[in-house]
Amino acid sequence: MSTVTLPPATPAVPPRPEPTYVNVAFGVKSWLLTTDHKRIALLYLVSITFMFFLGGFLIAVVRTHLLTPRGILLSADTYNKFFTMHGIIMVFFFLIPSIPAVIGNFVLPLMIGAKDLAFPRLNLLSWYLYIFGAVFTLWAVLVGGVDTGWTFYTPYSSASSHTNVIPAAVGIFITGFSSILTGLNFIVTTHRMRAPGLTWFRLPLMVWALYATSIIMLLGTPVLACTLLLLAIERTWHIGIFDPALGGDPILFQHFFWFYSHPAVYIMILPGMGVVSEIIPCFARKNIFGYGFVAFSSVAIAVVGFLVWGHHMFVAGQSVYAAMVFSLLSYLVAIPSAIKVFNWTATLYKGSIAFDAPMLYAFGFIAMFTVGGLTGLFLAALGLNVHVHDTYFVVAHFHFIMVGGMIMAYMGGLHFWWPKMTGHMYPEGWARLAALIIFVGFVLTFLPQFVVGYLGMPRRYHHYAPEFQVLNVMSTAGASVLSLGYVLPLVYLLWSLAYGKRAGANPWQATGLEWQTPSPPPPDNFQVTPVVTEPPYQYAKGATGAA
Amino acid sequence: MPLDHSPLAHHFRDLDQQHEAATLGMWIFLSTELMVFGALFTGYTVYRAAYHAEFAAASALLHIGIAGINTIVLLTSSLTMVLAVHGVRQGRRQLVVRCLIATAVLGTTFLVLKVFEYHGDYRDGLVPGLSFQDQEWLSHDPPLKPGAVKLFLFCYYAMTGLHALHLLIGIGMIAVLTWQTARGRYTPYSFNPVEVGGLYWHFVDVVWLFLLPLLYLVGPRGG
Amino acid sequence: MEPAMPARGYVMVFLALVGLTAATVGLAYLDLGPWHATVGLTIAGIKALLIALYFMHVRHATGLVRVFAVVGLFWLGILMALTITDYATRAWLL
């Protein structure tokens, strides 16, 4: 055979790649003045991550102080400021915006086949309001903090406290409008911008969850806004409707405060439930069991969640008859949550289960949320509540739901949609390790708190009785493990932006419109508006859902 | 009519969808506004039930004359506002501008009268911390609790103050709408800001319609 | 887009509103005993309804808009009802 050297083939000109929302424009201005919901989601991601680690730092100091019964790290006043600021930052500046503002902003238009939310400029305004509110609150931290507890109960907050109540209240007031506008945007978007063929019962359950969350954000937050305003007025001018000297009732503040703040916990958990409803079918390769039940239970939680606020006030001085009504309603609100847990579990049955990181987080959510939810029923029982109110039992209850539930769901969702958002896969091995560390750290931190609370250790105290020390040391040890667990994703997710494997449009072979467009998506989401003809979660055997 | 950019935003399919989104959005916003006022209404209701005598006595001293005139002023402004929306639908730019200006002027009239009213309240000893006299109420027959009277007055100033703030924002919004209308920004097929601005204005009017009987007409007024 | 109703209709609604305002103020000068609140708020409710239906075009609005027009009222009702449940029953003895 003769060796013939052929001239090198003329390389074909590669087609110019379509711009993604990331590289369509560069520069700080293009990010700070963007109206693209995907970029705004990332702006929120950076902001709330900062606030999360700040809130985490505050409680790390508290937990360190609590290693000994007569803790020497913090004075009593400083201790009060630390747990107050931890609560304010975590509730208002991390948990409430987290899934809606980060994941919801990113995926909602994609999931319904729209080009953007209904009001993109309002969306940007929402982020600026969040930042403005955060600045006020951070300023309150820097100039001396607040020590009223995140609940701001009067008359301490309105008359006695010498700390920076008003700047903190103003910060939360401003951020509240961020919440309200986001909710407004989501609701109008869901009603008016669905792709052709996308009827309500073909929507992914995440959309139902975000819709229900938005109802709460819209109708509850304004009452908080008014209440904080009244608090600020009373504190400034020493006259107000919560002042007992005038014949006013401080408990009225609690009614108004909890009218928002109880539904607020559903703002925090419903999106997490939506995320779990997306992850479980995908990693069990099965259609969700009882779609209608899960969808309606989201709305039921949103509505009934507004009827139970008095269960925070059983020992505050409200009438025992009102307490009985609130107790009964609190039992009722547990039902839709339980329905979801049953449906997720039933979805797993005879599924083909993969243990990728998002699924590990979903499992963690189901287990921890169930424990947290059941202990809520303990607290809703009037007689038992008298015994455990204002103890660590309550602290453990809500951390099981917020950290064991919500933050696990947030991490699961972040990992699930990370390839879509960034075009890169995260390192799966590290992600599973981090999930495991988080789970172990979490249980070690908060399970002892149920015990120590039931045994009588009060919350919000800077000293405690010596017999509780062992359990406190366990809890602090767990917190150290948990912190490591949270730092790991920060590191490897950032790493993945540069070195992570490139992800295609649908690395999970998931159903849903967001997976039918490239990763990262183009600025207008879809080249052609999709038309939907099928119900969601069609994970029959053999179907890959590949683009 | 010069249009420097298309009225249709790029993420909407057509003007109809954009219009439906805008109106739905404003109605939802008004529900949230109702909840803001709602907290005050609830507090007021609780205390009025507890201290009815004090609330009735203090209410009778408020200036019903100014309040009545102000109610007519606001109702008229709602009429001019809805006529503005009506005019925009028919493409009558000059009429719209005039109606919007009338709305803003009437709104401002309300606020000016309110200032006079607050001044009158001050002169009548109805401003706690400034002109309020405990003794005046204790010497009533039967004696009235000054604290409870202060609770009524706090609610009165808080509710009318919050309302006035919303009205002020509304006037600013009307000013912007007037300017944009004069520039030819709206067509009979695309005038969402005018329409939703109208919705907001009417809402502020409706809040006042409830404040009137609640605050000024708690009990019978002497003839 | 055809107008929702002729301009004259708006003026008629306006005149009705003015009349109802006169009634509200006038009735305050009678002694209605415990009925002052009910009468005043009922008239206010009628005025609000007129404004909503005609000035805010709820009469010709879609079902969805109508739902959102009343949802705020319903939620305010929840806030008031359950709060008042506390205050109304505090004095009750077991």
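As a basis for the values below, the full set of heavy atoms in this structure was taken, side chains included, without hydrogen atoms, waters or symmetry mates. It should be emphasised that the depicted structure is a prediction, and the values quoted were computed from it without experimental measurement.
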Examine the side chains of Thr103(B) and Trp201(B) and answer whether a donor and an acceptor come within less than 3.5 Å of each other.
-> no
Side chain, backbone, both or neither: which part of Ile51(C) has an atom under 4.5 Å from a heavy atom of chain B?
-> side chain
Looking only at side chains, do Asn192(B) and Tyr186(B) share a donor and an acceptor under 3.5 Å apart?
-> no
Top contributor to chain B interface from Val13(C), Val65(C), Val71(C), Val70(C) [non-hydrogen pairs under 4.5 Å] = Val65(C)
Structural part of Leu79(B) lying under 4.5 Å from a heavy atom of chain C = both
Test item: side-chain donor near acceptor, Lys47(C) and Thr21(C), under 3.5 Å | yes
Within the side chain of Ser31(B), is there an N or O that forms a donor-acceptor pair under 3.5 Å with the backbone of Phe68(C)?
-> yes
State whether Tyr87(C) and Arg90(C) meet the cation-pi test: NZ (Lys) or CZ (Arg) under 6.0 Å from the six-membered ring centroid, and within 45° of the perpendicular axis.
-> yes
Can you tell which part of Val218(B) gets under 4.5 Å to a heavy atom of chain C, answering side chain, backbone, both or neither?
-> backbone
Which bit of Ser78(B) comes within less than 4.5 Å of chain C, counting heavy atoms only: side chain, backbone, both or neither?
-> both
Please state whether the side chain, the backbone, both or neither of Leu209(B) comes within less than 4.5 Å of a heavy atom of chain C.
-> both
Describe, in one word, how the ring planes of Tyr118(B) and Tyr157(B) are oriented to each other, choosing from parallel (under 30°), tilted (30 to 60°) and perpendicular (over 60°).
-> tilted
Would Tyr47(B) and His52(B) count as a close aromatic pair, with their ring centres under 6.0 Å?
-> no
Atom group of Leu20(C) that falls short of 4.5 Å from chain B, counting heavy atoms | neither
Proximity breakdown for Phe55(C) and chain B, heavy-atom pairs closer than 4.5 Å | both
Measuring heavy-atom distances to chain B, does Val58(C) have an atom under 4.5 Å in its side chain, in its backbone, in both, or in neither?
-> side chain
Which region of Thr32(B), side chain (C-beta onward) or backbone (N, CA, C, O), has a non-hydrogen atom less than 4.5 Å from a non-hydrogen atom of chain C, or is it both or neither?
-> neither
Would you say the side-chain atoms of Thr83(C) and Thr42(B) include a donor-acceptor pair closer than 3.5 Å?
-> no
Checking heavy atoms, do the side chain of Leu83(B), its backbone, both or neither come under 4.5 Å from chain C?
-> side chain
Check each atom of Ile84(C) against the heavy atoms of chain B and say whether the ones under 4.5 Å are side chain, backbone, both or neither.
-> side chain
Take the angle between the ring planes of Phe55(B) and Phe152(B) and call it parallel below 30°, perpendicular above 60°, tilted in between.
-> perpendicular
Toward chain C, the part of Phe37(B) with a non-hydrogen atom under 4.5 Å = neither
